[in-house]
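Protein chains get the first letters and strands the later ones, always in sequence-line order, with residue 1 at the start of each. No experiment lies behind these values; they were computed from the predicted model shown.
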Amino acid sequence: MAQPKTSPNALRPSRWLTPLLVHAVLGSYTLVAIAPVILVVLNSFKGSQAIFQQPYALPIGANFDPIGYTTVFEQTAIFRYLGNSLMVTLGSILLILLFGAMTAFGLTEYRFRGRGFLTLYALIGLMIPIRLATVSILKLMVALNLQDTIWSLIMVYSAQGLPMAIFVLSQYMRQVPSDLKDAARLDGANEYQVFWLVVPLMRPALATLAIFVMLPIWNDLWFPLVLAPGEASRTLTLGAQQFLGQFQTDWSALLAMLTLAIAPVLVLYLIFSRQLIRGLTAGTVKG
Amino acid sequence: MLRPNKSRPRWHIAVFLAPALLLYSIVLVFPLLDTLRLSLFSSNGESFVGLSNYQRLFTDSQWWPYFWRALKNTVLFFILHMLLQNPLGLLLAALLDSKNLRGRSIYRTLLFSPTMLSFVIVGFVWQLILSPTWGIAPAISEFLGVRYRPWLGLESTSLPTVALISIWQFVGIPMLFFMTALLAVPQDILEAARVDGASAWQLFWRVKFPLILPTVGIVSILTFIGNFNAFDLVYTAKGALAGPNFSTDLLGTFFYRTFYGFQLQLGDYAMGTTIAVVIFLIILFGSLLYLLGWQRKVVTYEL
């Protein structure tokens with residue numbers, strides 16, 4: 001390792017004191033942020049005796065006991081819940097990205113009568129919390145015979161995510177040089193082929209959007225509770241919530257269920273987080 | 001130069017726009033308009049009653065005190081978020097913005113992790129930690145020299161405690177917004193200020209902060225909309241009855257209980273939609289106030 005250059009400044013206290021303070025503040029708050037989660041994960045691998053008597057101990061040796069996990073796997077349809085959550089989340093993201101990109105393309109690429117009105121109409125949804133229309137949405141889903149299906153959830157989340165998608169993607173669509181599109185048209189491409197030419201160029205924006213819409217959909221409790229509470233269509237979040245109610249005394253099982261509910265979203269986040277930050281910064285720094 | 005052919009209908013435009021606009025209109029716009037309509041009808045949805053549902057909500061002693069309490073709680077919930085969550089997010093973002101900070105991306109990921117968790121997990125974990133049964137909180141308060149009390153279970157402290165948990169969970173959002181804004185501040189402006197002898201403190205408050213003021217506004221309005229919709233955390237930590245004795249009842253939980261029913265009380269669609277419309281109007285009014293009052297006055301610098 002190279003020796004740090006010694007400058008007169010190196011001796012000034014602010015040179016080493018400031019980073020030290022920064023780390024102290026960030027470090028202590030990080031502890032506050034993750035300690036509860038770590039406590040749950042650690043104790044999920046213990047029997048109830050150890051949970052109470054040694055809450056801070058690592059689950060090793062005599063303390064290790066996977067009884068909680070066995071209970072959860074045996075007594076809940078956790079894989080079905082997980083499958084439902086994945087289908088709802090990924091299905092909604094797919095519809096939001098595809099329909100959002102198509103609309104953004106249509107609204108930015110062509111001039112036609114009513115374009116300004118349609119743009120405004122699509123953006124009003126950014127201000128409207130869809131939850132307030134729950135009573136009418138429930139009636140609508142009953143009328144369409146879609147209540148207690150994951151389709152009702154996919155439809156609601158997609159409708160909710162579209163205004164944001166149209167807003168964000170329109171900004172990016174405008175930056176695609178028109179020379180590129182016109183060249184494709186001269187080569188005989190039709191409008192749909194031009195669209196599919198533009199989509200891959202949006203990849204950073206699409207990734208950012210996917211993560212922003214993913215978290216609220218994955219974690220939502222309200223619409224699963226109201227629209228799809230049935231056993232067959234239950235999402236992981238709702239399944240965990242109802243399991244907690246039934247097993248108030250089985251602490252190992254409770255903590256195991258919570259850990260299992262944390263894991264998938266953590267994995268998804270870790271996969272995407274780099275792109276999220278990259279997409280965010282790419283979106284704000286003006287070129 | 002390509003000129004669109006005026007005489008031929010351009011069907012592709014409709015093909016591009018139709019799927020999103022149809023879905024959005026059917027599942028979001030139509031239900032919202034229907035909600036407005038339903039609030040003018042009686043509970044069985046048959047007879048038109050004009051504004052009498054609203055009159056009931058604002059004057060009937062069966063409704064008004066409960067609505068008023070939920071409104072007051074929601075306002076307090078929002079104020080606590082504005083006073084603690086957003087300044088904390090700004091502080092963390094400013095610290096993460098310092099140059100040559102080691103482990104920056106690790107801090108960023110870990111600090112954001114509570115934001116990823118579902119309310120079910122957050123509500124339950126904090127119930128557990130703060131419960132006298134498990135003994136974690138009593139042990140920690142003893143260590144810190146604070147007298148332990150079951151903060152979530154007391155009428156006097158339960159609402160601030162729920163707000164603190166919500167702040168703990170969501171501080172990652174303002175942090176992320178402020179971080180992005182700070183990253184966008186051009187280096188040459190900062191360099192110029194440094195050459196002029198500005199200290200780190202002055203650099204932040206005199207140069208960076210004015211430049212990220214628009215983001216402060218966006219974060220505030222997002223907090224406002226989020227808080228006036230809040231429901232999940234109270235529901236998972238305190239149940240639909242928002243105990244103890246409704247002391248954590250927010251507009252969101254009040255709305256849920258009214259339209260969905262609880263225990264022996266049946267759901268009331270008419271009053272549920274009425275409350276929804278009132279919440280909607282509050283959010284709309286707040287958003288407009290922000291757009292006209294704040295957004296217009298704040299100078300956005302072209303960077």
Side-chain angles (χ1 to χ4, degrees), chain A residues 22 25-26 29-30 32-34 36-37 39-40 52 55 99-100 102-103 105-106 110 112 118 122 125 127-137 140 155-156 158-160 162 166 182 185 191-192 215 218-219 221-222 226 237 240-241 244 258 261-262 265-266 269 273 280-281 284-286, chain B residues 2 4 10 12-13 16-17 19-21 23-24 27-28 31-32 34-35 38 92 95-96 98 101 107-111 113-121 124-126 129 134-136 168 176 180-181 183-184 200 225 229 231-232 235-236 259-260 269 272-273 276 279-280 283-284 287 303:
Chain A
V22 169
V25 175
L26 285 175
Y29 194 78
T30 304
V32 173
I34 62 171
V37 183
L39 211 58
V40 167
F52 275 99
F99 291 177
M102 285 164 63
T103 310
F105 186 77
Y110 309 108
F112 55 91
L118 283 180
M127 278 193 1
I128 302 173
I130 193 171
R131 209 173 255 194
L132 298 179
T134 303
V135 177
S136 299
I137 291 175
L140 178 77
M155 283 174 73
V156 169
S158 305
Q160 173 184 243
L162 276 169
I166 294 169
D182 287 343
R185 286 190 183 105
E191 293 306 312
Y192 307 110
L215 289 176
W218 181 276
N219 289 333
L221 189 58
W222 177 280
V226 175
T237 307
Q241 158 74 15
L244 299 190
L258 290 180
I262 295 173
V265 73
L266 204 68
Y269 176 78
S273 67
L280 272 177
T281 45
T284 50
V285 178
K286 292 188 184 170
Chain B
L2 292 170
R10 293 179 289 165
H12 53 265
I13 298 183
F16 282 128
L17 299 183
L21 290 178
L23 188 64
Y24 171 72
V27 186
L28 197 141
L32 204 86
D34 189 50
T35 301
L38 280 176
L92 293 173
L95 292 179
L96 284 171
S98 45
L101 178 74
Y107 279 130
R108 196 171 52 204
T109 308
L110 293 180
L111 287 170
S113 58
T115 311
M116 295 185 301
L117 301 179
S118 81
F119 294 98
V120 175
I121 297 166
F124 188 80
V125 166
W126 280 100
I129 290 174
W134 198 14
I136 298 276
W168 170 82
L176 214 57
T180 320
L183 277 170
I225 295 177
N229 265 305
F231 151 82
D232 313 63
Y235 182 78
T236 51
F259 103 87
Y260 208 66
Y269 277 21
T273 50
I279 299 176
F280 175 62
I283 292 176
L284 195 69
S287 307
L303 298 177

Enquirer: Are side-chain heavy atoms of L117(B) and I262(A) found at a separation under 4.5 Å?
Expert: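 Sidechains of I262(A) and L117(B): in contact.
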
Enquirer: Ignoring hydrogens, what is the shortest heavy-atom contact between S158(A) and L23(B)? Give both atom names and the distance.
Expert: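 Taking every non-hydrogen atom into account, CB-CD2, 3.6 Å.
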
Enquirer: List the steps and the verdict of side-chain contact (heavy atoms from CB on, under 4.5 Å) for Y24(B) and T103(A).
Expert: CA-CA 11 Å; Y24(B) 171 72; T103(A) 310; over 6 Å; no

Enquirer: Which atoms of I129(B) are under 4.5 Å from chain A, going by heavy atoms: the side chain, the backbone, both sets, or neither?
Expert: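 The side chain, not the backbone.
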
Enquirer: Quick check on L215(A) against chain B: is it the side chain, the backbone, both or neither that has a heavy atom closer than 4.5 Å?
Expert: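 Side chain of L215(A) only, per the 4.5 Å heavy-atom cut-off to chain B.
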
Enquirer: Which one wins on heavy-atom pair count under 4.5 Å against chain A: L284(B), I279(B), D34(B), T115(B)?
Expert: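 Ranked by heavy-atom pairs under 4.5 Å with chain A, first place is D34(B).
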
Enquirer: Can you tell which part of Y29(A) gets under 4.5 Å to a heavy atom of chain B, answering side chain, backbone, both or neither?
Expert: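 Contact with chain B: backbone and side chain both.
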
Enquirer: Looking only at side-chain N and O atoms, does Y110(A) offer a donor or acceptor that is under 3.5 Å from a partner on E191(A)?
Expert: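 Y110(A) and E191(A) do have a side-chain donor-acceptor pair below 3.5 Å.
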
Enquirer: Using non-hydrogen atoms only, which part of Y260(B) is less than 4.5 Å away from chain A: side chain, backbone, both, or neither?
Expert: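 Answer is side chain: those atoms of Y260(B) sit under 4.5 Å from chain A.
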
Enquirer: Who among N219(A), L140(A), L244(A), L39(A) has the most heavy-atom pairs with chain B under 4.5 Å?
Expert: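 The candidate making the most pairs under 4.5 Å is N219(A).
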
Enquirer: I'd like to know if the side chain of S136(A) and the backbone of T35(B) have a donor-acceptor N/O pair within less than 3.5 Å.
Expert: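 A pair under 3.5 Å: yes.
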
Enquirer: Return the set of residues passing side chain to side chain donor-acceptor pair (under 3.5 Å) with N229(B) (not counting sequence neighbours), or none when no residue passes.
Expert: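 Counting only residues at least two positions away or on another chain, N229(B) forms no side chain to side chain donor-acceptor pair (under 3.5 Å).
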
Enquirer: Mind ranking P31(B), S113(B), S287(B) by heavy-atom pairs under 4.5 Å with chain A and telling me who comes out on top?
Expert: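 Sorted descending by pairs with chain A, the first entry is P31(B).
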
Enquirer: Who among S118(B), A200(B), P114(B) has the most heavy-atom pairs with chain A under 4.5 Å?
Expert: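 Greatest number of close heavy-atom pairs with chain A: S118(B).
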
Enquirer: For chain B, find which of A122(A), G106(A), A261(A) contributes the most heavy-atom pairs closer than 4.5 angstrom.
Expert: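 Among A122(A), G106(A), A261(A), the one with the most close pairs to chain B is A122(A).
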
Enquirer: Relative to chain A, which segment of L110(B) carries a heavy atom at a distance below 4.5 Å: side chain, backbone, both, or neither?
Expert: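 For L110(B), the contact with chain A is made by backbone and side chain together.
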
Enquirer: Looking at every heavy atom in both M155(A) and V27(B), which two are closest together, and how far apart are they?
Expert: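 Looking at all heavy atoms of both residues, the shortest contact is CE-CG2, 3.7 Å.
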
Enquirer: Is the shortest side-chain heavy-atom distance between Y107(B) and L96(B) below 4.5 Å?
Expert: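 A side-chain contact under 4.5 Å exists here.
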
Enquirer: Among V25(A), V22(A), I166(A), single out the residue with the greatest number of heavy-atom pairs under 4.5 Å to chain B.
Expert: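 Option with the greatest count: V22(A).
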
Enquirer: Please classify the contact of V40(A) with chain B as side chain, backbone, both or neither, using a heavy-atom distance under 4.5 Å.
Expert: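 For V40(A), the side chain is the part near chain B, not the backbone.
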
Enquirer: Indicate the atoms forming the closest heavy-atom contact of F119(B) with T236(B), along with that distance.
Expert: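 Shortest heavy-atom contact: O-OG1, 3.1 Å.
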
Enquirer: Check each atom of F280(B) against the heavy atoms of chain A and say whether the ones under 4.5 Å are side chain, backbone, both or neither.
Expert: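 Both the backbone and the side chain of F280(B) come within 4.5 Å of chain A.
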
Enquirer: Where does I137(A) contact chain B at under 4.5 Å (heavy atoms): side chain, backbone, both or neither?
Expert: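 Both the backbone and the side chain of I137(A) come within 4.5 Å of chain B.
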
Enquirer: Measure L32(B) against the heavy atoms of chain A and call it side chain, backbone, both or neither at under 4.5 Å.
Expert: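 Backbone plus side chain of L32(B), per the 4.5 Å heavy-atom cut-off to chain A.
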
Enquirer: Report the option among W126(B), W168(B), F16(B) that has the most heavy-atom pairs separated by less than 4.5 Å from atoms of chain A.
Expert: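 Among W126(B), W168(B), F16(B), the one with the most close pairs to chain A is F16(B).
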
Enquirer: Side-chain contact test, heavy atoms from C-beta onward, threshold under 4.5 Å: evaluate it for L118(A) versus F112(A) and give yes or no.
Expert: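 A side-chain contact exists here, since the closest heavy-atom pair is under 4.5 Å.
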
